[in-house]
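To keep things clear, I will list the structure first and then write my remarks on it.
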Amino acid sequence: MCPPACLLDMPELPEVEVTRRGIEPYVAGRRVQRVDVRNFALRWPVPATLARELEQRVIHKVERRGKYLLFELDDGWLIVHLGMTGTLRVLRNLPALPPAARHDHIDWIFDEFVMRFRDPRRFGAVLWHPRASGGVLEHPLLASLGVEPFSSAFSGTLLHRRTRGRTVSIKQALMAGDIVVGVGNIYASESLFRAGIRPSTPAGRVSLPRYELLADAIRATLAAAIDKGGSTLRDFVGSNGESGYFQLDYFVYDRAGLPCHACGVPIRHIVQGQRSTYYCTRCQR
DNA sequence: AGTTCCTCCTGCGGGC
DNA sequence: TGCCCGCAGGAGGAAC
């Protein structure tokens with residue numbers, strides 16, 4: 001069972017979006033003075049040229065695609081994925097800048113603040129995509145991603161169409177990221193509860209009306225999490241080294257054996273694709 | 001093409 | 001108290 005502290009360290013789309021909103025006002029339009037890479041061994045090696053590409057260059061804006069953060073510069077994009085335990089923080093109190101701790105792998109040093117990447121488990125990634133290689137969405141990691149859940153392209157119809165003939169469970173199909181992005185392990189369980197769909201149902205056997213409910217449930221779940229994060233945004237951008245991640249009151253996630261908030265039946269825990277799933281045996285059929 | 005399995009890494013908790 | 005072991009997880013990539 002995942003201990004509570006672990007839950008605070010799992011960035012899904014809402015956490016990534018809240019991070020983007022937290023740092024964008026600081027870095028947009030600002031010039032990177034220096035880049036300090038202390039550990040190049042993330043999920044993929046940090047490019048040896050990272051400092052050379054970024055130093056003395058201006059970051060124009062910060063966008064998000066799925067769970068990837070995209071920092072646009074003149075000559076290319078800095079791509080950051082937070083993995084499981086990654087955080088990006090803005091440290092403004094330079095005279096009292098905390099010394100880099102064991103898992104503080106990269107600092108981007110600006111005139112008036114430092115942006116620091118911490119990632120204890122190093123499942124995160126920090127990459128560079130030169131403009132000469134095309135738009136950032138052509139990057140191999142981004143090119144085949146599914147649609148954004150808040151875009152007009154995302155709908156029950158899309159979920160229905162893209163799952164015809166698929167035998168994989170609906171929960172695993174949601175998490176795969178090739179149909180819709182940003183629905184990780186926690187919010188997959190939560191969204192399926194809201195939609196009243198059993199996570200083990202083969203994706204190809206979920207009806208269109210139920211997919212319409214699911215699309216709404218996914219948007220509602222993610223939006224609620226982003227709102228919650230927005231209300232605690234100040235905790236993200238501070239001078240201390242705390243995580244700052246937020247946590248919704250989950251309907252089912254990590255609540256094995258506890259009563260369903262809707263009907264009181266104990267929440268069940270199963271494993272799908274080596275990942276924990278939680279659901280209500282009465283509310284989800 | 002679709003599905004399943006493996007892998008990276010560290011912190012935490014259980015068992016002794 | 002301390003040590004060893006096993007597990008969790010995002011998601012790409014290999015193997016069917």
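So you know, we letter chains A, B, ... as the sequences are listed, proteins then strands, and number each from 1.
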Any salt bridge linking A:R38 with A:D107? Criterion: basic side-chain nitrogen under 4.0 Å from a carboxylate oxygen.
yes
Just compare C:dG10, B:dT4, C:dG12 and give me whichever is closest to any side-chain atom of A:V168.
B:dT4
Would you indicate, yes or no, if C:dG9 has its OP1 or OP2 atom less than 4.0 angstrom from a side-chain nitrogen or oxygen of A:Y253?
yes
Are A:Y250 and A:S189 linked by a side-chain donor-acceptor pair shorter than 3.5 Å?
no
Phosphate-side-chain proximity, A:R166 and B:dT3, N/O vs OP1/OP2 below 4.0 Å
yes
Any side-chain N or O of A:R162 less than 4.0 Å from the OP1 or OP2 oxygen of B:dG2?
no
Salt bridge check, A:E53 against A:R57: does any charged N sit closer than 4.0 Å to a carboxylate O?
no
Protein-nucleotide distance (A:L82, atom CG; C:dG10, atom P), rounded to Å
12 Å
Describe the nucleic acid contact of A:Q274 in one word from base, sugar-phosphate, nothing, applying a heavy-atom distance below 4.0 Å.
base
A:D178 CG to B:dT3 C1', in whole Å, measures 12 Å
Sorted by position of nearest nucleotide on DNA chain B, 5' first, the leading residue of A:H103 and A:T167 is A:T167
Any A:H81 side-chain N or O less than 4.0 Å from OP1/OP2 of C:dA11
yes
Find the distance A:E15:CD to C:dG10:C1' and express it as a whole number of Å.
13 Å
Is there ring stacking between A:F123 and C:dG10, where the centres must be under 5.5 angstrom apart and the planes under 30 degrees?
yes
Look at A:T85 and C:dG9 and indicate whether a side-chain polar atom (N or O) is within less than 4.0 Å of OP1 or OP2.
no
Can you measure A:K171 atom NZ to C:dG9 atom C1' for me and round it to whole angstrom units?
10 Å
Taking atom P of C:dA11 as reference, at what distance in whole Å does atom CZ of A:R65 sit?
12 Å
Less than 4.0 angstrom from a charged side-chain N to a carboxylate O is my criterion; do A:R118 and A:D104 meet it?
yes
Give the nucleotide from the list C:dG10, C:dG12, C:dA8 with an atom nearest to the side chain of A:R121.
C:dA8
Side chain of A:R275 only, heavy atoms from C-beta on: which candidate in B:dT3, C:dG13, C:dG10 is closest?
C:dG10
Can you tell me if A:K67 touches the phosphate of C:dA11, counting only side-chain N or O atoms and a distance under 4.0 Å to OP1 or OP2?
yes
Any Lys/Arg nitrogen of A:E72 or A:R131 sitting under 4.0 Å from an Asp/Glu carboxylate oxygen of the other?
yes
Considering every strand and a 4.0 Å limit on heavy-atom distances, what is the contact class for A:R122: base, sugar-phosphate, or nothing?
sugar-phosphate
Taking the side chain from A:Q284 and the backbone from A:C280, do they hold a donor-acceptor pair closer than 3.5 Å?
yes
Nearest whole angstrom, please: distance from the P of B:dT3 to the CD of A:Q272.
13 Å
Whole-Å distance separating the CG atom of A:L174 from the P atom of C:dG10
14 Å
Can you tell me how far C1' of C:dG10 sits from CZ of A:R43, to the nearest Å?
7 Å
Does A:Y187 have a side-chain nitrogen or oxygen under 4.0 Å from the phosphate oxygens OP1 or OP2 of C:dG10?
no
